[in-house]
Amino acid sequence: MISVEEHSARVRDVVGTRPVVRRALTDCAGLVLAEDVTAGVPLPPFDNSAMDGYAVRSADVANARKDAPVELPVAADIPAGRTDVPELAPGTAHRIMTGAPVPRGADSVVMVEHTDGGTRSVSISTAVPEGAHVRRAGEDVGRGDVVLRAGTVLGPAQLGLASAVGVDRLPVFAPPRVLVVSTGTELVHPPRPLRPGQIYESNSVMLEAGLAALGCHVETVRSVADDVAEFRAVVEPKLAEADLVVTSGGVSAGAYEVVKDALTDVGVTFGKVAMQPGGPQGCGRWHGVPVVTLPGNPVSVLVSFEVFVRPALLAALGHANPERPRARARLTETLPSPKGKRQFRRGRYSPGEDRAVVAPVGGPGSHLLASLARANCLVVLDEETTEAPKDSTVDVLLL
Ligand SMILES: Nc1nc2c(c(=O)[nH]1)N[C@H]1C(S)=C(S)[C@@H](COP(=O)(O)OP(=O)(O)OC[C@H]3O[C@@H](n4cnc5c(N)ncnc54)[C@H](O)[C@@H]3O)O[C@H]1N2
Ligand code: MOO
Ligand SMILES: [Mg+2]
C-alpha cells in the first residue's frame with residue numbers, strides 16, 4: 001500500500017507540464033499566462049476627455065458664473081475617434097465628447113450640463129480648475145510597463161487589459177485533450193430502460209464536467225464492456241489524439257478487472273493507496289500517453305479526481321496553487337475512521353459566527369452518490385485517526 005502523497009507525486013509526474021502555446025485572447029479565459037506581458041502603448045494612449053462638453057483654457061472661463069456666463073465661439077467639434085484634432089486657439093472652445101482627444105492648447109473640459117450646449121458659440125456658466133475632466137495619457141499604464149505577470153490566471157479583467165494595451169494573442173499553458181473511458185458491462189445510458197443487473201452510467205459524466213471546468217478538451221467513451229479485447233480495440237486508436245487518459249472502474253481485485261488486465265503489461269502500475277474511498281488506483285503510460293486509472297465506485301471516482309487528477313492538471317496548467325482551499329471546522333457528530341488510511345467523508349461546511357462547522361453527509365460507502373451531491377466539502381481524517389469525536393476540530397477540503 002502506498003501513501004496518498006506517493007500516489008499524488010506519481011500522478012503529477014506522469015501528467016507533467018503542458019507546453020506553452022500562443023492563443024487568441026478569446027480562447028484564453030481561465031488559462032494561466034506563461035510569460036510577462038508588457039504594454040505596447042500607454043493607457044490612456046493620449047490625453048482625452050472624461051466628459052461630454054467643451055474643451056477650453058481654464059483661464060478663459062475663470063470668471064464664468066451662473067449669473068455671469070462666459071460666451072466662447074465653438075471652433076471645432078471633436079467626437080471620439082477623431083484623429084485630426086486642431087489646436088485650440090485662446091478665447092475659443094471645442095465641443096468634445098467622452099474619450100475624444102483633448103486638443104493642444106486646451107487644459108480642461110467643461111461638462112455640457114454647465115453650458116447652453118451651443119454649437120456655433122457656447123455660453124459657459126462655471127469656472128473649472130486646470131486639468132478638469134482630462135484623463136492623462138499613461139496615468140493608468142506607462143508604455144513598456146509589465147501589465148500582467150507570468151502565472152496570472154486569465155479572467156475577463158486581465159484579458160480586457162491585454163487587449164487594451166494592444167495584444168491579440170497570449171502565451172498560455174495549453175489545455176490538454178483528455179480521453180475519459182468508463183468501463184463496466186453493467187453500464188447503460190439514460191434514457192434507455194434498465195434491465196435487471198444494469199445501472200445508469202454516472203462516472204464519465206462527473207469526470208467530463210470536472211475536466212471541462214479546468215479548461216480541458218474532453219472526449220468521452222461513456223462505456224466499454226469488461227472485455228480486454230474490446231477495451232483495447234475501442235481505446236487504443238484514440239490514444240494519438242489524447243494528452244491524458246482517465247479511466248473509471250476495472251482496477252480492483254475481481255475476475256473482470258478490464259483496465260488492470262489490459263494495461264498491467266504495457267506500462268501502467270496498479271496498487272492500493274492508503275485512503276478510503278479511492279483505495280485501488282493506477283497510473284503510468286500507454287504508448288507514451290499518460291494514463292490515470294480511477295476505481296469504479298462513483299464516490300471513489302470523484303474523490304480520486306479531487307485528490308489526484310485535479311491538482312495534477314492544475315499544476316500542469318501552470319496554476320501556482322493547484323490545491324482546493326482547506327479550512328478547519330467543528331465536527332457536529334462523531335466519525336469513525338479506518339486505521340492506516342486517510343479518510344475522506346462528505347460534509348456540509350458552514351463558516352459559522354465565530355467557529356466554522358462541518359456536518360457529515362451520508363455514510364462512508366463509496367456508492368452513496370446522493371450524499372456526494374449534497375456535500376460542499378470533504379472532511380479529511382488522517383491515517384492515525386480511528387475516531388474523530390463530536391465537537392472536535394477537523395480539516396476540510398472545500399469543494
Ligand atoms: N475483494 C475486493 N473487492 C473490492 C476491493 C478490494 O480491495 N478487494 N476494493 C473495493 C473498492 S474500495 C473499490 S473502490 C472497488 C473498485 O472497483 P473497480 O475499480 O474494479 O470498479 P468496478 O468493479 O468496475 O466497479 C465498482 C462499482 O462501481 C460501479 N461503477 C463502475 N463504473 C461506473 C460508472 N461509470 N458509473 C456508475 N457506476 C459505476 C460498478 O457498478 C460497481 O458497483 O472495488 C471494491 N471491491
Ligand atoms: O476505496 Mo473504494 O474506493 O472505498 O470504494
Ligand atoms: Mg472491479
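Residue numbers count from 1 along this sequence. Counting convention: from 1, in listed order, for ligands and their atoms alike. The model shown is predicted, which means the values in this text are computed figures rather than measured ones.
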J.: With heavy atoms under 4.0 Å as the rule, classify the contact between Ser182 and ligand 1 as side chain, backbone, both or neither.
T.: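 Within the 4.0 Å criterion, Ser182 contacts ligand 1 through side-chain atoms alone.
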
J.: Which of these, Thr183, Leu369, Asn297, has its nearest heavy atom closest to atom 15 (C) of ligand 1?
T.: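 Considering heavy atoms of Thr183, Leu369, Asn297, the nearest to atom 15 (C) of ligand 1 sits in Asn297.
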
J.: Which of the atoms of ligand 2 are close to Pro277, meaning less than 4.0 Å from one of its heavy atoms?
T.: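 Selected atoms, number and element: 1 (O), 3 (O), 4 (O).
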
J.: Measure Leu187 to ligand 1 on non-hydrogen atoms and call it side chain, backbone, both or neither using the 4.0 Å cut-off.
T.: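 Side chain only; the backbone of Leu187 stays clear of ligand 1.
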
J.: Which atoms of ligand 2 are found less than 4.0 Å from any heavy atom of Ser300?
T.: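 Counting from 1, the qualifying ligand atoms are 2 (Mo), 3 (O), 5 (O).
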
J.: Side chain of Thr220, backbone of Arg222: donor and acceptor closer than 3.5 Å?
T.: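 No, Thr220 side chain to Arg222 backbone: no donor-acceptor pair under 3.5 Å.
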
J.: Quick one: look at Ser300 and ligand 1, take heavy-atom pairs under 4.0 Å, and tell me if it's side chain, backbone, both or neither.
T.: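 Contact part for Ser300 vs ligand 1: side chain (C-beta onward).
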
J.: If we set the cut-off at 4.0 Å for heavy atoms, which region of Gln276 has an atom near ligand 1: side chain, backbone, both, or neither?
T.: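 The answer is neither; Gln276 stays 4.0 Å or more away.
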
J.: Which of the numbered atoms in ligand 2 are below 4.0 angstrom from a heavy atom of Asn297?
T.: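 Near Asn297, meaning under 4.0 Å from one of its heavy atoms, ligand 2 has 5 (O).
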
J.: Give the atoms of ligand 2, by number and element, whose distance to some non-hydrogen atom of Gly279 is under 4.0 Å.
T.: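 Matching atoms, with element in brackets: 1 (O), 3 (O).
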
J.: Would you call Glu306 and Arg324 a salt bridge, taking side-chain N to carboxylate O under 4.0 Å as the test?
T.: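 Arg324 and Glu306: salt-bridged.
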
J.: Within the structure, does Glu257 bring an N/O atom to less than 3.5 angstrom of an N/O atom in ligand 1?
T.: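 Checking ligand 1 against Glu257, an N or O pair does fall under 3.5 Å apart.
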
J.: Should you measure from each heavy atom of Gly250, which atoms of ligand 1 turn up under 4.0 Å away?
T.: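 Once the distances to Gly250 are compared, the set is 18 (P), 19 (O), 20 (O), 21 (O), 22 (P), 24 (O).
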
J.: Under 4.0 Å from ligand 1, counting heavy atoms only, is it the side chain of Ser202, its backbone, both or neither?
T.: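 Under 4.0 Å from ligand 1, Ser202 contributes backbone and side-chain atoms.
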
J.: Do NZ/NE/NH1/NH2 and the carboxylate oxygens of Arg82 and Asp84 come within less than 4.0 Å?
T.: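 Answer for the salt bridge query: yes.
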
J.: Taking the six-membered ring for Trp and the single ring otherwise, decide whether the centroids of His94 and Tyr54 are under 6.0 Å apart.
T.: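 Between Tyr54 and His94, which both carry aromatic rings, the centre distance is not below 6.0 Å.
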
